[in-house]
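Single-structure report; data block below.
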Amino acid sequence: SEMCIRDRSKPMGTKRKKGCLRRLIEAVIGFVLFVALVVVGVPLGINAWVCASTRPAFESQAQAAANADAFEADAIVVLGAGINWDGSPSAVLKDRLDVADNLYNAGVAPKIIMSGDNSDSSYNEVMAMAKYAKANGIPAEDIFCDHAGLSTYDSMYRLKNVFNVQRCVIVTQEYHLYRAVYDARGFGIDARGVASDLSDYSNKDSYEQREFFARIKDFFGIITKMEPQTKSEPVSLSQSGAVTQWW
């Protein structure tokens, strides 16, 4: 009788072990799928949201000119994109400046703000931008230089908190325009964007890949109200922009 009980109990123990193993495997698979969702799904979702929520604010140069009187932008904003060894704007930056010059001449805004990197005395991105604009006929008094626009996030923070911009038209390439408009709106600026894709850029794929992760960083930066690298005293756009121009 005792032997029979043991014999009957063996299959039950085997089934119990198989059931535990199956539940463990299911738990591991579920955990892996959850991690995959977080690692892949969340970044994709953030990028989709940033792009979808800002795309309606994009305008062509002609549309921006036609809407200028109704929108009443305080300034056209040009974001830095590197300069060549001789101090001239890079191809990407030159296209941004050319579009901004066109918008200024079309009466889209009375001022242009050049926001870029001047963190080192040997590298003055914004003055290269200002010099290029002046050479193309933009009056010096209408060109303002933000020397501490070290990132897109910092530029938009400073637009609001240093230059007191309420409405603006941002000029940059389309892949970058989504984040720029998103950041500006995150600081309460009514921003519209005009893409400056006038050329084919050799490193565009790498720019777009980097932008994918930058959108995620700025998304959480806006949520947490991250502080910029540099703070400055307020600058009034009612004065001459020449006061912000130095080498």
Side-chain angles (χ1 to χ4, degrees), residues 54-84 86-116 118 124-147 149 152 155-156 158-160 162-178 180-181 184 189-201 235-247:
T54 56
R55 188 66 181 82
F58 290 12
E59 298 177 320
S60 66
Q61 293 185 55
Q63 288 171 329
N67 297 331
D69 291 341
F71 187 52
E72 296 184 333
D74 299 321
I76 299 160
V77 179
V78 186
L79 299 173
I83 56 178
N84 299 318
D86 61 354
S88 62
S90 64
V92 171
L93 183 54
K94 178 181 179 299
D95 284 353
R96 296 180 187 182
L97 292 166
D98 286 343
V99 170
D101 289 353
N102 291 341
L103 295 175
Y104 174 87
N105 290 325
V108 170
K111 309 291 182 181
I112 298 180
I113 298 177
M114 310 295 189
S115 186
N118 182 205
N124 197 331
E125 194 173 65
V126 289
M127 282 308 298
M129 297 160 71
K131 182 179 179 180
Y132 183 88
K134 285 190 283 187
N136 283 293
I138 307 299
E141 60 266 25
D142 290 341
I143 302 171
F144 286 77
C145 293
D146 178 10
H147 296 258
T152 302
S155 291
M156 298 308 150
R158 293 172 59 78
L159 275 184
K160 181 68 173 184
V162 175
F163 294 92
N164 193 33
V165 169
Q166 305 300 315
R167 291 175 299 279
C168 71
V169 175
I170 302 170
V171 178
T172 186
Q173 278 69 25
E174 183 175 334
Y175 70 85
H176 185 211
L177 201 54
Y178 298 100
V181 172
I189 301 171
D190 187 358
R192 296 182 181 178
V194 175
S196 59
D197 299 83
L198 305 183
S199 310
D200 292 326
Y201 310 110
V235 175
S236 173
L237 294 179
S238 63
Q239 63 185 323
S240 171
V243 301
T244 66
Q245 300 167 20
W246 64 82
W247 289 101

Using side chain to side chain contact (heavy atoms under 4.5 Å, CB included), reason through Lys111 and Asp74 one step at a time and then give a plain yes or no. CA-CA 7 Å; Lys111 309 291 182 181; Asp74 299 321; over 6 Å; no
[X] side chain to [Y] backbone, donor-acceptor under 3.5 Å:
X	Y	answer
Asp197	Glu174	yes
Arg192	Ala64	no
Ser90	Gly82	yes
Thr244	Phe144	no
Asn84	Pro89	yes

How long is the gap from [atom1] on [X] to [atom2] on [Y], to the nearest 0.5 Å?
X	Y	atom1	atom2	result
Ile112	Ile76	CD1	CD1	5.0 Å
Gln61	Asn102	CD	CG	5.0 Å
Met114	Glu125	CE	CD	11.5 Å
His176	Thr152	NE2	OG1	2.5 Å
Gln166	Glu72	CD	CD	12.5 Å
Asp101	Asn136	CG	CG	5.0 Å

Apply side chain to side chain contact (heavy atoms under 4.5 Å, CB included) to residues Asn118 and Asp146 and explain how you reach the verdict. CA-CA 9 Å; Asn118 182 205; Asp146 178 10; over 6 Å; no
Should Val108 and Asn67 count as side-chain neighbours, where that means a heavy-atom distance under 4.5 Å? no
Considering the options Val169, Ile170, Thr172, which one meets the side-chain contact (heavy atoms from CB on, under 4.5 Å) requirement together with Val194? Val169
Give me the atom names and distance for the closest heavy-atom approach of [X] to [Y].
X	Y	answer
Arg96	Gly80	NH1-O, 3.1 Å
Ser196	Asp95	O-CB, 3.4 Å
Ser155	Ser115	OG-OG, 2.7 Å
Cys145	Phe163	O-CZ, 4.1 Å

Could you walk me through whether Tyr201 and Gln173 satisfy the side chain to side chain contact (heavy atoms under 4.5 Å, CB included) test, starting with their C-alpha distance in whole Å, then the side-chain angles of each, then the deciding distance to 0.1 Å, before giving a yes or no? CA-CA 10 Å; Tyr201 310 110; Gln173 278 69 25; 3.0 Å; yes
Parallel, tilted or perpendicular: ring planes of Tyr178 versus Phe58, cut at 30 and 60 degrees: tilted
His147 vs Asn124, test: side chain to side chain contact (heavy atoms under 4.5 Å, CB included). Steps then yes/no. CA-CA 8 Å; His147 296 258; Asn124 197 331; 3.9 Å; yes
Does one side chain, of Asp98 or Tyr132, offer a donor that lies under 3.5 Å from an acceptor on the other? yes
